[in-house]
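Worksheet: the structure to be examined is printed underneath.
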Amino acid sequence: MGARFLSTLIEDEVRKNPHKNPNQIAADFATHYGINIEYYQAYNGRERVYKEIYGDDVMSYMHLVWYVDQIRKTNEGSFIDFQYDPVSRRFERIFIAFGACIQGYKFLRPLIYLDGTFLTGRFRGCLMAATAINGEKVPGEDVDNWDWFLRNLYKIVDHEERPITFLTDRGEGLKQGIPSIFPGSFHSFCYYHLKTNLPINGTDPRYSCA
């Protein structure tokens with residue numbers, strides 16, 4: 001059974017639950033159609049559905065130039081730092097802050113959560129985010145990239161009249177970057193990450209005190 005034909009049969013289920021893994025897809029396929037398929041068939045079929053839903057990874061990066069241009073045209077006051085190798089024209093990293101978010105921050109609490117999440121697509125990488133209270137992605141979370149991210153953030157948030165309190169996971173890049181770039185701000189650590197980083201586990205009687 002080819003991936004193209006298989007994808008047409010599982011498309012609705014994958015659209016409802018994009019996180020369904022190939023083993024679950026194979027089990028459901030056997031239940032619904034009485035046919036056993038291999039793991040690789042389920043995986044390839046799911047990938048075709050992903051491509052239909054999200055588009056091609058390569059084309060998505062190629063459209064970044066168009067996307068940046070459209071943001072600048074349609075979102076007045078937005079701040080963008082788009083970096084790529086001028087020789088190979090290979091994407092390196094991008095920072096985007098929409099104009100409405102920059103203006104809206106003035107009316108939010110000066111408390112900013114900083115974190116990053118790994119991208120699981122074909123090209124991997126990391127999505128770094130700054131999120132404020134009451135507000136309605138880079139190769140990795142290393143020191144250099146957090147420094148670059150924070151320096152861009154410094155340009156768009158008010159940090160003089162209202163000192164900012166940052167809440168982070170104690171990543172090394174953040175521990176170094178925040179006091180260096182935002183010396184007048186406060187730096188707090190996420191309770192969950194503090195707890196999971198304790199050198200004891202749930203069997204230790206001291207763990208419940210954490």
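As the structure is a prediction and not an experimental result, all values here were calculated from the model. Values below: every heavy atom of this structure, side chains too, minus hydrogens, waters and symmetry copies.
Side-chain contact check for D115 versus T131: every heavy-atom pair is 4.5 Å or farther apart. The side-chain heavy atoms of Q41 and F29, taken from C-beta on, include no pair separated by under 4.5 Å. Side-chain contact check for D144 versus R93: some heavy-atom pair is nearer than 4.5 Å. Using a 4.5 Å cut-off on side-chain heavy atoms (C-beta onward), F5 and L9 make contact. For the pair I80 and R72, the minimum side-chain heavy-atom distance is below 4.5 Å. Put simply, the side chain of Y67 does not reach to within 4.5 Å of the side chain of I94, judged on heavy atoms. Side-chain contact between R15 and I53 is present, with heavy atoms from C-beta onward closer than 4.5 Å. Between V14 and Y50, some side-chain heavy-atom pair lies under the 4.5 Å cut-off.
Residues satisfying the side chain to side chain contact (heavy atoms under 4.5 Å, CB included) test with E13, not counting sequence neighbours, are K16, K20.
In this structure, the side chain of D69 does not engage the main chain of V65 through any donor-acceptor pair within 3.5 Å. A donor-acceptor pair under 3.5 Å is formed between the side chain of T74 and the backbone N or O of Q70. In this structure, the side chain of E11 does not engage the main chain of T8 through any donor-acceptor pair within 3.5 Å.
Across every non-hydrogen atom of A30 and N36, the tightest pair is CB-OD1, 3.6 Å. Here the closest non-hydrogen pair linking F98 and S78 is CA-OG, 3.5 Å. A pairwise comparison of heavy atoms in I37 and A42 identifies CD1-CB, 4.0 Å as the closest pair. A pairwise comparison of heavy atoms in R48 and S7 identifies CB-CB, 3.9 Å as the closest pair. The nearest pair of heavy atoms linking A97 to I102 is O-CD1, 3.7 Å. Closest heavy-atom contact between I164 and V157: CD1-CG2, 3.7 Å.
Cluster annotation: I71 and M62 are assigned to the same hydrophobic cluster (Ile/Leu/Val/Met/Phe/Trp/Tyr, side-chain heavy-atom contacts under 4.5 Å, transitive). I10 is not connected to Y43 by any chain of hydrophobic side-chain contacts under 4.5 Å among Ile, Leu, Val, Met, Phe, Trp and Tyr, and they are in different clusters. Placement of F182 and F186 in two distinct hydrophobic clusters is found when ILVMFWY residues are connected by side-chain heavy-atom separations under 4.5 Å, directly or transitively. Neither L6 nor Y39 shares a network with the other; the hydrophobic side chains, linked directly or stepwise wherever heavy atoms of I, L, V, M, F, W or Y lie under 4.5 Å apart, form separate groups for each.
In this model, no donor atom of one side chain and acceptor atom of the other lie less than 3.5 Å apart for H159 and S185.
In this structure, D28 CG and N17 CG are separated by 9.5 Å, a value rounded to the nearest 0.5 Å. Note: L174 CG to F166 CZ = 9.5 Å, rounded to the nearest 0.5 Å. The CG atom of L114 lies 12.0 Å from the SG atom of C190; values are rounded to the nearest 0.5 Å. Rounded to the nearest 0.5 Å, atoms CD1 (I156) and CZ (F95) are 4.0 Å apart. The structure places CG of D81 at 10.5 Å from CD of E92, a figure rounded to the nearest 0.5 Å. The CG atom of L167 lies 7.5 Å from the NE2 atom of H187; values are rounded to the nearest 0.5 Å.
Atom CZ of F79 has more than 12 heavy atoms from other residues, nucleotides or ligands within 6.0 Å.
Using bins of under 30°, 30° to 60° and over 60° for the plane-to-plane angle, the ring pair Y84/F82 lands in the tilted bin.
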